Visitor: 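After the structure tokens below, expect a handful of questions from me.
Treat the numbers as computed from the prediction; the structure is a model and nothing was measured. Letters A, B, ... are given to chains in the order of the sequence lines, protein chains preceding strands, and every chain is numbered from 1.
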Amino acid sequence: MVRSAKTDMPRNFDFVEAEPRIYSFWAERGYFKPEAAPADAEPFVISMPPPNVTGSLHIGHALFTALEDLMIRYERMRGKATLWLPGTDHAGIATQLQVENMLREEGSSREEIGYEEFLHRTWQWKEEHGGEIISQLQRLGASCDWDRERFTLDEGLSRAVLQAFITLWEQGLVYRGPRLVNWSPGLKTAVSDLEVESSEEEVTLYYFRYPVESGEHLPVATTRPETILGDMAVAVHPADERYRHLIGKRAYVPILKREIPVIGDEYVDMDFGTGALKVTPGHDFDDYALGQRHGLGILNILNMDASMNANAGKYAGLDRYECRERLWADMQAAGLTIKTEPYTTRIPRSQRGGEVVEPMMSTQWYLRIQPLADKAIAAVRDGRVKIVPERFEKVYFHWLENIQDWCLSRQLWWGHRIPAWYRENDGDPEGEIYVGMEAPAGDGWVMEQDVLDTWFSSGLWPFSTLGWPQDSADLKRFYPTQVMETGHDILFFWVARMIMMGLWFTGEAPFHTVYLHGLVRAEGGKKFSKTLGNAVDPLTVVDRLGADPLRFTLITSGTPGNDCHLDETRLDHSFRFINKVWQMTAFINMNLDGERPLGLPPQAELDLPARWILSRLHRLIANAQYLFDIYQYGEAGNQILAFMWDEFAPFYLEISKEALYQGSAAEKDRVRRVLVHVQDQCLRLLHPFMPFMTEEAWAYLPRDGEALILADWPQADSGLIDDDVEARMSGYLELVRETRNTRGEYKVDPGRRIRALAHDRAGTRDLAANVHILRRLCNVDELRLMPLDEAEPANSASVVVGDVTLYLPLEGMLDIAAECQRLADEEAKLNGQIERAAKMLANRNFVERARPDVVQRERDRHAELEAAAAQIKERLASLCG
RNA sequence: GGGCGAUUAGCUCAAUUGGCAGAGCAUCCGGUUUACACCCGGAAGGUUGUAAGUUCGAGUCUUACAUCGCCCACCA
């Protein structure tokens, strides 16, 4: 059904008023739900990467929202049953840290208020802050199905998490045991390898003497002297002439005087440091492995908070850094130190807290992950899952092929509590372990305190949110999902784990395509950070310019997988583009004159400019389709902008005024239909990029649906694409440009109408039939065709494009000398180009080996240049002698 | 130590199978042309980091080097 255009279009798009109104309109009509499509429609599903529940919107969220909403809106317009499933993540460590900070400010702590009260306070915090991020996503225009919103700790998802854990346990893939882990002393929890970030820092390297039984000393260096207290051996290379004789002798831990062996191992690098190595299996990953090989024991010298424990003797109770100083001072006094020197090395820090992480022995839950990883490798290898851009597949393989067992347990309070119970047996409090949904029958069972790594629940997200492990209707219809769009920084944390878990639990890859976007950086390539004060707050931008300009800028600023620098001037440019599109719609709207033209007139009735703009439009649609197919949304957006701003608005819209202002009724009708068609198609193409303005503007055109969000995506009509029409028109537009320049050079008042003359040839006859092009674009009122034998007019400037020469009579204004100079310059320029083309065509290799169409294009070009040069030569001869 | 990316106009970035290097911002000149001054018309600005190679032809493919950034890795 064709709907009439709304009238009284406002002068500007008032985004402040319109955005919330349009968003409610969409939401209330249920357009965001997959049920808006016919029941048999093909589904298209994206699981939103769940933001931290207590977080607030930053530029990264804005980027993923813009991209995912674009994909969803595009597929929705293509008739799919689209589901963008939103939700939030409980984000164990991050959230617990925030609540702990809050408690600290109150002068309290989680230990002080206890487990129950802490959880209560955290849920309270979640209720207060959890909604913020959601409403911020909505302000950006996210067309999610909010009725299906999930939270990783809600009931259904928690059950999925426990079920997954129990299944893995039953399959023998989960085990519990003491291992050396990365320990975060401030949070007092284990963290996984991925959660540790190390970067180079300036530290001190301490050189000292290790006393050996024979009265000799072994020189050793360390960056962490306090770990001396946990040494279980001193190691040297078996081939090291200097120290070889000491292997097998006893050495004595400084100050403690504990006896340890000197061992030989080829792991030791003779050329590094002193060539001798202290071995601390309890607090260093390398030393742990070395210790295993030599049957050394493990001595833990740290408490949970990284203070020294009883094994540190007189240093017990000291903080590790204080211990470092005291011990070193004591060793100095004992004459055991050699020297200290500044040293640069990588220091491991917790990704969240930023504190230095200590390798420490502790008993944790692990997932034996190789069987899962093997499936995940195969899925990408055989193409069931594609990663865009492809180069990340290599990174993905490398990680999975070298994967370590996953430490699943965290000593936090906020998270999914591991469904395990212990019962004392033979004095061992963990003598019996039971894993299951409910506590086992019988007395004495104590529930596990630890919670699961946040990323464990995230790994289940694509199917847990759809109802798994129940065989729900949503799971059947919407799983597997289609595209996973997220940042490349969480390829391991999240993407790889979703693929592993999805394949393991559902037998299917959770999505067929992974689209990875880059990080948004500030100008100069710096990371956005609050402390640097260079963070662009997306909400401030939305307040100032609206959501559309932010979205358009983010999408057109980068290419897949590459970090992009957000240039704030582009935001203003996008804003102006949106205004431009609005104004174009307004122009068409005010010229509709109450009618509701829809559908193109028969092609035979179209004039050259109309056929040209339709050809250009449908070429654009074809290009945009290609670019969408290969995920190059930014380039697609830029091409749409270029078409509208550089071709449709300045040329066709201008030319159309000729018919609109003084054409016949039939001419007006034809032009209106073309204008409406082009603008309508452009608004459709732009809708996924800038949903608000386009939805509002669309209502001011005659249209065939109730809302743009559900309108059909444009299809290129190859029958409208016409190379010949485009070539002719672009030649005429070149004449327009030259005429404008010439007028400018002669300072002809822009408002003054002039005439033009041309000899009567095929090209000029065609142009004369389309003189309205010249009239509207360069104020040339009339083109008179002269017989070929008529002399060219005196006192005329001339503009030449190809074989067309226009004479512009400029009575009394023509400066012969200047005109000759102008023509001479033009000739020189042309000769340069001709020479280049001629050279190429003279190259036999080029003519024989280049693709035929490339050669032909060069020939055409050469001919055209030659024609223009001939015309100029003639003109020079007659005017300038 | 491995791997990846980047290097194009003053700045931020494009360039679809190799085929005359393009935008925005900034700069300069000119404009109250009845959709838009949130605008219009023009101009200038590049040996595509360096050096070789493949090719009729290279920003694009190959190799080396340089600078910057990121990821992974057990050197005290």
Side-chain angles (χ1 to χ4, degrees), chain A residues 9 11-13 205-206 220-224 227 235 267-269 272-280 284-290 343 345-346 389 391-392 394-395 398-399 402 488-489 491-492 518-519 521 523-525 545 553 556-559 561-570 572-591 623 626-627 629-630 632 634-635 638-639 641-642 646 649-650 653-654 657 661 737 740-741 743-745 747 749-751 776 778-779 833 836-837 840 843-851 853-855 857-858 861:
Chain A
M9 189 165 177
R11 233 185 130 66
N12 293 99
F13 176 59
L205 187 58
Y206 300 81
V220 174
T222 181
T223 54
R224 295 186 295 157
T227 62
Y267 164 75
V268 180
D269 182 348
F272 190 87
T274 64
L277 175 68
K278 62 188 274 310
V279 184
T280 322
D284 184 286
F285 289 98
D286 299 325
D287 294 4
Y288 179 81
L290 192 56
Y343 186 68
T345 192
R346 299 181 70 85
R391 66 182 137 89
F392 283 102
K394 204 169 163 181
V395 182
H398 182 260
W399 187 72
N402 296 283
H488 65 67
D489 53 329
L491 179 60
F492 307 143
L519 271 51
R521 291 171 180 282
E523 281 168 72
L545 302 171
T553 303
T556 55
S557 284
T559 46
N562 292 331
D563 293 353
C564 73
H565 296 185
L566 185 61
D567 179 354
E568 296 206 56
T569 64
R570 289 190 63 114
D572 293 310
H573 182 245
S574 299
F575 179 84
R576 287 188 286 113
F577 175 48
I578 283 155
N579 173 65
K580 183 78 181 175
V581 177
W582 181 265
Q583 299 303 336
M584 291 164 76
T585 315
F587 167 77
I588 294 166
N589 175 272
M590 75 178 57
N591 283 293
N623 273 342
Y626 170 74
L627 291 165
D629 288 344
I630 59 170
Q632 297 281 348
E635 180 63 11
N638 284 326
Q639 288 197 12
L641 177 145
D646 301 336
L653 233 59
E654 281 307 316
K657 289 174 185 172
Y661 296 166
R737 202 164 297 123
R740 284 170 172 173
N741 280 344
R743 290 179 62 128
E745 280 168 43
K747 309 241 183 305
D749 180 355
R776 277 292 152 181
C778 52
N779 233 345
Q833 295 174 313
R836 193 188 158 281
M840 275 181 88
N843 182 344
R844 175 123 40 89
N845 280 322
F846 172 71
V847 178
E848 285 172 5
R849 300 195 195 188
R851 269 201 337 255
D853 63 303
V854 174
V855 177
R857 201 187 316 153
E858 203 56 36
R861 216 176 97 74

Visitor: Using a heavy-atom cut-off of under 4.0 Å over every strand shown, decide if A:T559 touches base, sugar-phosphate, or nothing.
Guide: sugar-phosphate

Visitor: So if I take every side-chain heavy atom of A:N741 and compare against B:G41, B:A15, B:G42, which nucleotide ends up nearest?
Guide: B:G42

Visitor: Measuring only the P atom in each nucleotide, how far is B:U60 from B:U54? A whole number of Å is fine.
Guide: 15 Å

Visitor: Counting only Watson-Crick or G-U wobble pairs whose two distances fall under 3.5 Å, which nucleotide matches B:C25?
Guide: B:G10

Visitor: Select base, sugar-phosphate, or nothing to describe what A:R391 touches, counting heavy atoms under 4.0 Å on all strands.
Guide: sugar-phosphate

Visitor: For the pair A:Y343 and A:F272, name the ring-plane relationship: parallel under 30°, tilted 30 to 60°, perpendicular over 60°.
Guide: perpendicular

Visitor: Select base, sugar-phosphate, or nothing to describe what A:A850 touches, counting heavy atoms under 4.0 Å on all strands.
Guide: base

Visitor: For A:T569 and A:D572, does a side-chain donor sit closer than 3.5 Å to a side-chain acceptor?
Guide: no

Visitor: Which nucleotide, B:A35, B:C4, B:G24, lies nearest any side-chain atom of A:L653?
Guide: B:A35

Visitor: Are A:R224 and A:D284 ion-paired here, with the side-chain N under 4.0 Å from a carboxylate O?
Guide: yes

Visitor: As a test of reading the structure: which of B:C36, B:C25, B:A76 is closest to the side chain of A:D269, going by heavy atoms?
Guide: B:A76

Visitor: What does A:K747 touch in the nucleic acid at a heavy-atom separation under 4.0 angstrom: a base, only the sugar-phosphate, or nothing?
Guide: nothing

Visitor: Looking only at side-chain atoms of A:N623, point me to the closest of B:U16, B:A35, B:G19.
Guide: B:U16

Visitor: If each of A:N845 and A:F577 is mapped to the nucleotide of RNA chain B with the nearest heavy atom, which maps nearer the 5' terminus, i.e. the 5' end?
Guide: A:F577

Visitor: Looking at A:N402 and A:H398, would you say the former's side chain and the latter's main chain have a donor-acceptor pair under 3.5 Å?
Guide: yes

Visitor: Need one value for A:T585: base, sugar-phosphate or nothing, where a base atom within 4.0 Å counts as base even if backbone is also close, heavy atoms only.
Guide: nothing

Visitor: Assign A:L627 to base, sugar-phosphate, or nothing according to its heavy-atom contacts below 4.0 angstrom with the strands shown.
Guide: nothing

Visitor: Side chain of A:Q583, backbone of A:R11: donor and acceptor closer than 3.5 Å?
Guide: yes

Visitor: Can you tell me the Watson-Crick or wobble partner of B:G1, both distances under 3.5 angstrom?
Guide: B:C72

Visitor: Does a side-chain N or O from A:K394 land closer than 4.0 Å to OP1 or OP2 of B:C4, or not?
Guide: yes

Visitor: Is it the case that A:R570 and A:T556 place a side-chain donor and acceptor less than 3.5 Å from each other?
Guide: yes

Visitor: State which of B:C4, B:G41, B:C71 makes the closest approach to the side chain of A:F492.
Guide: B:C71

Visitor: Between the base of B:C20 and the side chain of A:R861, is there any donor-acceptor pair under 3.5 Å?
Guide: yes

Visitor: Using the C1' atom as the reference point in each nucleotide, state the distance between B:A14 and B:G22 in Å, no decimals.
Guide: 7 Å

Visitor: In whole angstrom, give me the gap between the C1' atoms of B:A9 and B:U27.
Guide: 12 Å

Visitor: Which listed nucleotide (B:C4, B:C38, B:A76) is nearest to the side chain of A:F575?
Guide: B:C38

Visitor: Do side-chain atoms of A:N779 reach the backbone of A:P750 as a donor and acceptor pair under 3.5 angstrom?
Guide: yes

Visitor: Taking only the side-chain heavy atoms of A:R740 (C-beta and beyond), determine which of B:G41, B:C38, B:G19 contains the nearest atom.
Guide: B:G41

Visitor: Determine the interatomic distance between P on B:C70 and the same-named atom on B:A37; round to the nearest Å.
Guide: 45 Å

Visitor: So if I take every side-chain heavy atom of A:E654 and compare against B:C36, B:U16, B:U12, which nucleotide ends up nearest?
Guide: B:C36

Visitor: When rounded to the nearest Å, what value does the distance between P atoms of B:G5 and B:A44 take?
Guide: 37 Å

Visitor: When the C1' atoms of B:C40 and B:A6 are compared, how many Å lie between them, rounded to an integer?
Guide: 38 Å

Visitor: Closest to the A:K580 side chain: B:C38, B:C39, B:C75?
Guide: B:C39

Visitor: Between A:R346 and A:G751, which has a closest nucleotide on RNA chain B that is more 5'?
Guide: A:G751

Visitor: Under a 3.5 Å limit for both distances, which nucleotide forms a Watson-Crick or G-U wobble pair with B:A15, could you say?
Guide: none

Visitor: Taking atom C1' in both B:A21 and B:C36, compute the distance separating them and give it to the nearest angstrom.
Guide: 31 Å

Visitor: When you check the phosphate oxygens OP1 and OP2 of B:A14, does a side-chain N or O of A:T556 lie under 4.0 Å from one of them?
Guide: no

Visitor: What's the CZ-P distance between A:R576 and B:A23, to the nearest Å?
Guide: 15 Å

Visitor: Contact class for A:Y343 vs. all strands (heavy atom < 4.0 Å): base, sugar-phosphate, or nothing?
Guide: sugar-phosphate

Visitor: Checking all strands, does A:F272 fall into the base, sugar-phosphate, or nothing category for heavy-atom contacts under 4.0 angstrom?
Guide: base

Visitor: Remember a base hit wins even if backbone is also touched, and classify A:R851 as base, sugar-phosphate or nothing at under 4.0 Å, heavy atoms.
Guide: base

Visitor: Does B:U34 have a Watson-Crick or wobble partner in any strand here, with both distances under 3.5 angstrom, and which is it?
Guide: none

Visitor: So what's B:C61 paired with, Watson-Crick or G-U wobble, going by both distances under 3.5 Å?
Guide: B:G53

Visitor: Please state the P separation for the pair B:C29 and B:G19 - nearest whole angstrom.
Guide: 38 Å

Visitor: Look at all strands and tell whether A:A642 reaches a base, only sugar-phosphate, or nothing, counting heavy atoms closer than 4.0 Å.
Guide: nothing

Visitor: Look at A:R11 and B:A37 and indicate whether a side-chain polar atom (N or O) is within less than 4.0 Å of OP1 or OP2.
Guide: yes

Visitor: Which of these nucleotides, B:A76, B:U16, B:G41, is closest to any side-chain atom of A:Y267?
Guide: B:A76

Visitor: Examine A:K657 relative to A:F587 and say whether NZ or CZ is less than 6.0 Å from the centre of the six-membered ring and inside a 45° cone about the ring axis.
Guide: yes

